[in-house]
Amino acid sequence: MPLPSPFHERTASLCESLKFKSWAGYFAVCSYESHPDPEYFAFRNSAGLLDITPLFKYELSGEDSAAFVSYMATRDVSALKIGRVTYSCFCDQRGKVIDDGTISRLDEQRFRVTTGSPAYAWFLQNSRGFQVEVEDVSESIAALAIQGPNSRRILAELVGPGIEDLRFFGLVAARIAGVEVEITRTGYTGDLGFEVWIPRDGALSVWDAVMAAGKAHGIMPVGLDALDIVRIEAGFLLQDVDYFSAPRCIIESRKSTPYEIGLGWTVALDRSPFIGQKALREEKQRGSDWGFVGLEISWEGIEEIYTEYGLPPSLPTQACRMAVPVYSTGRQVGQVTSSTWSPILKKYLALATVEAKQVEIGNQLRVEHTVEYERMRVLATVVERPFYDPERKRT
Amino acid sequence: MSDRSYDSIVIGGGHNGLVCAAYLARAGQKVLVLERRHVLGGAAVTEELYPGFKYSVCSYVVSLLRPEIIRDLQLPKYGLEILPLECSFTPELDGPGLVRWPDADKTRREIARLSKRDSEVYPLFGREMAKVGRMVKPILEMVPPDPTSLNPANLMEMLKLGRLFGRLSEEERILQAKMFTMSAIDFLDEWFESDLLKATMGVSGIIGTFQGVRSPGTAYVLMHHYMGEIDGAFRAWGISKGGTGMISQAIAESAKNLGAEIRTEAGVAQIMVRAGRAKGVVLEDGTELTARHVISGVDPHRTFLGLCEAGDLDAEFLASIKKFKMRGSSGKVNLALDRFPEFTCRPGDGMHVRGDLAIAPSVDYLERAFDDAKYGDFSRRPFMNVVIPSLLDPSVAPPGKHVMSIFVQYAPYAIKEGPEAWPERREAFGDAVIETLAEYCPDLESSILHRQVLSPWDIEQQMGLTEGNIFHGELSLEQLFFMRPTPLWARYQTPIRGLWMCASGTHPGGGIMGASGANAARRILKSRVRA
Ligand SMILES: Cc1cc2nc3c(=O)[nH]c(=O)nc-3n(C[C@H](O)[C@H](O)[C@H](O)COP(=O)(O)OP(=O)(O)OC[C@H]3O[C@@H](n4cnc5c(N)ncnc54)[C@H](O)[C@@H]3O)c2cc1C
């Protein structure tokens, strides 16, 4: 049975649909109403409030903390400034991705790392020889994501106009409803947005303050279903859906390197040693076997196959996590791992892993789509990711 | 002179004119759009008439805008965002009213309160409508065939159309024949028994027409409204973020990006015609501009009776244009509100008001509203369609404040005192609207910060829609499809060579749809060889 998060009292009473699922052992709302549309539009159009407490959170402190984090991550954080956040992969010795997450520098000698699955043992196991202390703060820190075009205005009402100066991937300490929190300008929506890191005891006070300040700005509590649509529009991958954490894979072919899942840009090769460096350097020289792409599935193509059956085209109203094969000239060359109809772009979007030679923008592939129990193939074009990239995200 | 010569000049920067220009520019044409007003958009326009409050002055909901246009012109990139309206709410004075929810079971339970039978028939009705809608949809994308032509290209299109009709089952064909001949209420009577439900659904049959819910032919208009499509889902409505004008803005930005030139405050006074061929236009300030194609994005009346010289057209054609019914019948009231006005029968600003609200408490109420209009007056107790966009889109009003958009019917253009009397009657009309709505929403009057009242006369004078007809010509049966605007000239062409039409007065008709503009562009590009 999942546990209630520190926000459960509020989220549960608002969740009319009673649709919850387990996220890392916590009750997480799928959608507050029977379908996620209004919440999706809150993210894109006003503001959405999401409980992200279930993320795993670790604090790494001590004299060698910078060196240790740089050793564990594909990013070199030794030059990361205090009050800045970066996004990184964490790999095993063979360069296969174990996790991905953010790294915040709280202090000269203190970092906070978020991950999608538990990493305490792994940190500990690799810490020998480093002057570093690893603390699992997953339970003691509650977290909220406030995302959407009005998120900054709402926070400005709570913490003052200074929030305007917080740059993309910046971090600032603040006080909301008397609670000391940290605010980072980060998120998983590809929009203007913030994440607030809150001592567990202050969780409800902060929730109430944000909801009250947000009312006039159209804030809505948002669940994971809406998040899944926006994160695909933003081109973000999800662990256990678009890739699998290496230690949990039974077979080699399920594992991926950062280059193969489109996160090569987080790998800083030429620097002090880090886990997976050698394998990744080799891969970089040799070239990767797989690539990660955004696909736009032809709507005309979809309409056509439905028309053959005399049906109006229909798609799931939610993001889909069912993997389906991708073909090129009749041969399977990969798989779609996430797909969604984008209500804003009016396009049918997918994230896919395909053979490295298929990744070029404009490349035309075919994706399986089932109509009336029959498997059909529909044209899909490789396009730039993110699919949706509003300027306000960075400005 | 060369910089004054274009491949195409589009008269009018309404959304159709802009769509047409964008497609022509995309095909490499040198295109100029000329708009009379200081803002683009025509009837699809946002204006901040009271500081901090953005009104969708005329049209206020989108459902018909073609998704392929959104994709082709990359409109989301240029700021288009359509927010779905979740519910439809028909308040009552002496009951809880009726709400139709996005959740089918919830709706079934609502309707069951009125009639258990209706509650179960309701989804079946929706499915039938979707079927007929599906049949009609490809027609929207088609250039209307000329039924009298033997040109093979035309025959192909006729065949395609025939096939589409042919695919329908016997029952569906009967259904369709009914749609074309029955009144909205007679048609709904065959399905439903609840008066409140029929009134709620029947209003789709009269929007923009000068007909009552019991007038024959309104069943078709009902279906026309069922064709709205958001995300491939039928019968879905939305509003445009930032107001309806953002649709026009996004299309204009896209057109500019594709190379089109757009000028505002550049009204066209006349279309220049030499030897039966359009040569260009003369602006109100006397400037002459030439082009190979002149494309009118204004309504048929204004195009042929206003911008062309009578001598350039034959009498028979002019007569048919004069016959084309405009007959505006609706007005608009826009309000800036200090706070959310509570509806007595269902308080709160929850989901039920985040959609459209219909003041349509009974079928007789609607028919009585039409009675006033028949005898040349505005309805004392009108039908209204109300949207509070600020609940979904906080950007159109200051925090905590609201905008209310009220579409009102009937307000006949030809009131008995004569249309020019509208400026004196306007505020009385506005008062009738507010009084009616205040019966449901007692808080309303005291929360009004600013109000804008538009009679059909104002819509004509300000937006240039003849007689204030919201669809550039009534959507009645004899004015549709290959008869729009006249049977012989329904293919975006006109009797004047090089003069085309691309606005709502052509197939497939009114509403923010863009189909007329896109279809016209396609026709023009095909004609290039001959031009
Ligand atoms: C009150 C009202 C409410 C409506 N509500 C809805 C709704 O909710 N949903 C919906 O889908 N549809 C609605 N409609 C209908 C819809 O708005 C119109 O059918 C559509 O916007 C028409 O677009 P258009 O481009 O064809 O023409 P228009 O928008 O009429 O554009 C014509 C343009 O030409 C310009 N013009 C006129 N004369 C000249 C000249 N001589 N020189 C240069 N420019 C000129 C005008 O200023 C205008 O900008 C509504 C209409 C009205 C009036």
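Heavy atoms only: backbone and side chains are in, while hydrogens, waters and symmetry mates are out. In what follows, chains carry the letters A, B, and so on, assigned in the order in which the sequence lines appear, proteins first and then strands, with residues in each chain numbered from 1.
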Checklist entry - Of all the residues in residues 395-404 of chain B, which have a heavy atom that comes within less than 4.5 Å of a heavy atom in chain A? => result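 Within residues 395-404 of chain B, the residues under 4.5 Å from chain A are B/P399, B/G400.
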Next on the checklist: Suppose a student defines contact as a heavy atom less than 4.5 Å from any heavy atom of chain B. Which residues in residues 216-236 of chain A would they list?
Outcome noted: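 From residues 216-236 of chain A, the residues near chain B are A/A216, A/H217, A/G218, A/M220.
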Checklist entry - With a cut-off of 6.0 Å (strictly less than), are more than 12 heavy atoms of other residues, nucleotides or ligands near CD of B/E48? => result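 Enclosed.
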Item to check | A/E372, CD atom: more than 12 neighbouring heavy atoms under 6.0 Å | outcome: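 More than 12 heavy atoms, drawn from other residues, nucleotides or ligands, come within 6.0 Å of this atom.
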Next on the checklist: Using a 4.5 angstrom heavy-atom cutoff, name the option from A/L315, A/N150, A/I302, A/L345 with the most pairs to chain B.
Outcome noted: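 Ranked by contacts with chain B, first place is A/L345.
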Checklist entry - Does the B/T244 side chain pair with the main chain of B/I239, one donor and one acceptor, at a distance under 3.5 Å? => result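 Flag not set: sc B/T244 to bb B/I239 has no pair under 3.5 Å.
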Item to check | ring-ring contact (aromatic ring centres under 6.0 Å, His included) between B/F53 and B/Y50, worked out | outcome: CA-CA 6 Å; B/F53 295 81; B/Y50 186 69; 5.5 Å; yes
Next on the checklist: Between A/H35 and A/Y40 (judged by ring centroids, cut-off 6.0 Å), do the two rings come close enough to count as a pair?
Outcome noted: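 No, they do not, as the ring centres are separated by 6.0 Å or more.
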Show me the donor-acceptor pairs within less than 3.5 Å that the side chains of residues 386-395 of chain A make with the rest of the protein, sequence neighbours left out.
unit_1, atom_1, unit_2, atom_2, d
A/Y388, OH, A/R392, NH2, 3.4
A/D389, OD1, A/K393, NZ, 3.0
A/R392, NE, A/D191, OD1, 2.5
A/R392, NH2, A/R44, O, 3.1
A/R392, NH2, A/D191, OD1, 3.2
A/R392, NH2, A/D191, OD2, 2.8
A/T395, OG1, A/E391, O, 3.2

Item to check | Shortest non-hydrogen separation from A/C30 to A/F20 and the atoms involved | outcome: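 The pair with the smallest heavy-atom distance is SG-C, 3.7 Å.
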Checklist entry - Any idea how A/H369 and A/Y306 line up, ring-wise: parallel (<30°), tilted (30 to 60°), or perpendicular (>60°)? => result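 Judged by the thresholds at 30° and 60°, the geometry between A/H369 and A/Y306 is perpendicular.
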Next on the checklist: Working note: A/K347 + B/E68, criterion salt bridge (charged side-chain N to carboxylate O under 4.0 Å, His left out); need CA distance, chi angles, decisive distance, verdict.
Outcome noted: CA-CA 10 Å; A/K347 287 175 181 170; B/E68 66 272 12; over 6 Å; no
Next on the checklist: If I measure from the heavy atoms of chain A, does B/L75 come under 4.5 Å with its side chain, its backbone, both, or neither?
Outcome noted: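 B/L75 has no heavy atom closer than 4.5 Å to chain A.
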Next on the checklist: I'd like to check the salt bridge (charged side-chain N to carboxylate O under 4.0 Å, His left out) partners of B/D349; sequence neighbours left out, ordered by chain and number.
Outcome noted: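 Partners of B/D349 by the salt bridge (charged side-chain N to carboxylate O under 4.0 Å, His left out) criterion, ordered by chain and then number, come out as A/K215.
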